Colleague: 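One structure follows; several queries about it will come next.
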2 protein chains.
Amino acid sequence: MAAVRLQDVAARAGVSQATASRVLNGSTRIPGEGVADRVRAAARELGYKPNAQAQALARASTGLLGLIVHDIADPYFSSIVRGVQTAARTARKQVLLASTDRDFDIERESVSTFISHRADAIVLAGSRQSGDLDRALEAEFDYYRANGGRVVVIGQPLAFGSAVEPENHCASGQLADALAEAGHTQFAVIGGPGNIRTAVDRRNGFVEALSRRGLTTMVEVSGPFTRDGGYAAARRLAAALQLRPDSGATPVCVFAVTDVMAIGAIAAWREMGLVVPRDVCVAGFDDIPTLRDHTPSLTTVVLPLEAIGAQAVQLALHSGSDDLRERVPGQVVLRDSTRLP
Amino acid sequence: MAAVRLQDVAARAGVSQATASRVLNGSTRIPGEGVADRVRAAARELGYKPNAQAQALARASTGLLGLIVHDIADPYFSSIVRGVQTAARTARKQVLLASTDRDFDIERESVSTFISHRADAIVLAGSRQSGDLDRALEAEFDYYRANGGRVVVIGQPLAFGSAVEPENHCASGQLADALAEAGHTQFAVIGGPGNIRTAVDRRNGFVEALSRRGLTTMVEVSGPFTRDGGYAAARRLAAALQLRPDSGATPVCVFAVTDVMAIGAIAAWREMGLVVPRDVCVAGFDDIPTLRDHTPSLTTVVLPLEAIGAQAVQLALHSGSDDLRERVPGQVVLRDSTRLP
DNA sequence: CTGAAAGCGCTTACAG
DNA sequence: CTGAAAGCGCTTACAG
């Protein structure tokens, strides 16, 4: 049994294929009521389903939205994807998903494949190298944009394309201020990869706000943007600061540039017998959903993750060749993990 | 600037379109070296990218894999999706993702859309109503399968299609046994929706294993398959059992049919001043990644979530019209949340 | 080994 | 308002 085609519907309704097409999909010029009804009835009886591939070929657009994330299992990204999904559904777009495992080769391949599939837009979530963008990737995007494709990035402003930009630098500064005003005097940082813009911005925003108050970080360590990256970095940090359980000393306040890293850090310290916030304090960034049930509750900068995903879809759907930029502020929330005695 | 077509490549290489097609995509009968090289060079110089839509129309398959989950932000599903992504990538398939928000209407629409896009296979993750499957959904699938589409479900065996089935009933029984052998004597259950097969199987497996030992649950409550569902159910359970902080009584052991619900339950109890496992014990199911950094550590049944996603892809890619069934055992792991004094 | 031509299932000017 | 026909960009028997 072959799939029923538009032609089958047309034959059954006793009209031409063009007419059937118009009543079933065409917007303007809907044929006379009687005809339209006959066509719709025929389509229903036959169980007609338009072939999206054929429609895409005949029309300009595919209705496909390409979405690329570093790791779909990371709560930061899965929250964003949720927002994208919801917005895409109301816009009647289908989402083509790629999770790159933080591998830039895979990322580039994904872009290439999405272009082959003629996605109407490509959303790139997760920051990239700052400075010189991968040459090959840029070439892909140039080609894509030249052919009418829209690209929007979440997290880093590229030299081209639209962007949804969390105010990482500014919000990190506000976090530093809030912490200092809460009485913290000693700071340290667990940063991310040096070629990831988001990591760098957050670290800089924090450190610069501190220096404005005449404060300096005692130590800085860094690692991959993952739970394990935070875990490993935290061990090095503990060694550097010679942290001891219940030493009685004023706890150092550590800024982990990501909630996920902060959680890894807390796990590492717990294994060493260190208690947060008694022996060491820590703040994160993002406000991933997981935090809700984490102990101790984590001080962080709240980012509206789902809304960010939805906004990316809005920018992606925006007709017009101009590139848009949407800034998203973060909100500092102090919780148990930075509570002073 | 229009996208470069195969014809452009052929012209530049001085060969026919058929030849260009064969060297660039066709498998058998690769033309002579010289010709092939010229075509490849032309394709590279022009930046040719095959139009996947056109290829899909001309060939039989689209290379698309439709994946439907209840909620992409739920760690259970995002872990599975990660496994699907990885397997799909190695199989060179693209993933079309739909997150339904646990709405069966949206689920049906997603299936319908995936069929329109002529996905080669559709993977449905998340259990459905047991018994009478949504009539409309079934009709969609019948049509789809009749046209060569493969469907594979994760979690529930449908009347048709392939399936990756965690051994919910059996593993829950093993969990009950392990708990009883650890010394627990009083039990309760936080179950899921009555029309969700997975929830029912897990509850039954647990309760039946208990009864084999002459034990009965003291109370059973249930709620939606979510963190908040577990939270609300836990409050009702606490009221029913009249749980009090530090009462000194032997803690009741509660089986929440999902880790996500168990985490919500612990949060509810914590707010009531109840301490796990001192005042109440709890075990979950799934072993979502989040558990790794949860306090207290949660007793659960480990399911290889990513592997399950990967297996679903294998079944989806399996050529042949026969339906396959893959059973996945769970492994009980006892942790702090059920530790007796 | 290579090419001319038909066909995949739709949409959309262009006529009537 | 409706239809005949061309075209979207590929693949693939069928000939040569």
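Predicted model, so just to flag it, every value in this text is computed and none were measured. Here is how names work: the chains are called A, B, and so on, in the same order as the sequence lines, proteins then strands, and each is numbered from 1.
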Colleague: Please check the phosphate of D:dG3 (OP1 and OP2 only) for any side-chain N or O of A:S16 closer than 4.0 Å.
Modeller: yes
Colleague: Consider the side chain of A:R59, meaning its heavy atoms from C-beta on, and name the nucleotide among C:dT12, C:dG3, D:dG3 that approaches it most closely.
Modeller: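 The closest nucleotide is C:dT12.
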Colleague: Residues in salt bridge (charged side-chain N to carboxylate O under 4.0 Å, His left out) with A:R325, at least two apart?
Modeller: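 Checked A:R325 against salt bridge (charged side-chain N to carboxylate O under 4.0 Å, His left out); zero matches.
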Colleague: Nearest whole Å is fine: how far is D:dG9 P from A:H117 NE2?
Modeller: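 Taking atom P of D:dG9 as the reference, NE2 of A:H117 is at 17 Å.
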Colleague: Considering only NZ, NE, NH1 and NH2 on the basic side and carboxylate oxygens on the acidic side, decide whether B:E140 and A:K49 come within less than 4.0 Å.
Modeller: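 Between A:K49 and B:E140 there is a salt bridge, with a charged N closer than 4.0 Å to a carboxylate O.
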Colleague: If you check every side-chain atom of A:R5, which of D:dT2, C:dA4, C:dG9 has the closest atom?
Modeller: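 Nearest listed nucleotide: C:dG9.
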Colleague: Under 4.0 Å between a Lys/Arg side-chain N and an Asp/Glu carboxylate O for B:R89 and A:D103?
Modeller: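 No, no charged N to carboxylate O under 4.0 Å.
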Colleague: Within the pair A:T19 and D:dT2, is there a side-chain N or O less than 4.0 Å away from OP1 or OP2?
Modeller: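 It does not, given that no N or O in the side chain of A:T19 lies less than 4.0 Å from OP1 or OP2 of D:dT2.
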Colleague: Distance between the P atoms of C:dA6 and C:dT2, in whole angstroms?
Modeller: 23 Å
Colleague: Output yes when B:K93 and B:D120 qualify as a salt bridge under the 4.0 Å nitrogen-oxygen rule, no when they do not.
Modeller: yes
Colleague: Identify the heavy atoms of A:H117 and B:L64 that sit nearest to each other, and give their distance.
Modeller: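 That would be CE1-CD1, 3.6 Å.
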Colleague: Rounded off to whole Å, could you give me the CG-to-P distance for the B:N147 and C:dC8 pair?
Modeller: 15 Å
Colleague: Expressed in angstrom and rounded to an integer, what is the separation of A:L6 atom CG from D:dA4 atom C1'?
Modeller: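 Whole-Å distance recorded here is 15 Å.
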Colleague: Not counting sequence neighbours, which residues clear side-chain contact (heavy atoms from CB on, under 4.5 Å) with A:R82? List them please.
Modeller: A:E306, B:D71, B:I72, B:A73, B:D101
Colleague: For DNA chain C, what dot-bracket results from Watson-Crick or G-U pairs at under 3.5 Å, with [ ] for crossers and | for inter-strand partners?
Modeller: |||.||||||||.|||
Colleague: Grab the CG-P distance between B:L24 and D:dT11 for me, whole Å please.
Modeller: 8 Å
Colleague: Using the P atom as the reference point in each nucleotide, state the distance between D:dC1 and D:dA5 in Å, no decimals.
Modeller: 23 Å
Colleague: Write down the distance between CG (B:L46) and C1' (D:dG9), rounded to a whole number of angstrom.
Modeller: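 Going from B:L46 (CG) to D:dG9 (C1'), I get 15 Å.
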Colleague: Within residues 47-57 of chain A, find the residues that approach DNA chain D with a heavy atom at under 4.0 Å, and present them sorted by residue number.
Modeller: A:L57
Colleague: Hey, is the side chain of A:S21 poking within less than 4.0 Å of OP1 or OP2 on C:dC10, counting only N and O atoms?
Modeller: no
Colleague: Report the residues that fulfil side-chain contact (heavy atoms from CB on, under 4.5 Å) with B:L46, sequence neighbours left out, ordered by chain and then residue number.
Modeller: B:V4, B:D8, B:V9, B:R12
Colleague: I need the CD-P distance between A:Q17 and D:dA5, as an integer number of Å.
Modeller: 13 Å
Colleague: Of all residues at least two apart in sequence or in a different chain, which pass the side-chain hydrogen bond (donor to acceptor under 3.5 Å, both in side chains) check with A:N51?
Modeller: none
Colleague: May I ask you to say whether A:R145 pairs ionically with A:D323, meaning some side-chain N is under 4.0 Å from a carboxylate O?
Modeller: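 Salt bridge present between A:R145 and A:D323.
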Colleague: Measuring only the P atom in each nucleotide, how far is C:dA13 from C:dG9? A whole number of Å is fine.
Modeller: 23 Å
Colleague: Might you point out which heavy atoms bring A:A20 and A:V39 nearest each other, and give the distance in Å?
Modeller: CA-CG1, 3.9 Å
Colleague: Regarding C:dG3, can its base be found pairing with the side chain of B:R22 as donor and acceptor, where the two atoms are less than 3.5 Å apart?
Modeller: yes
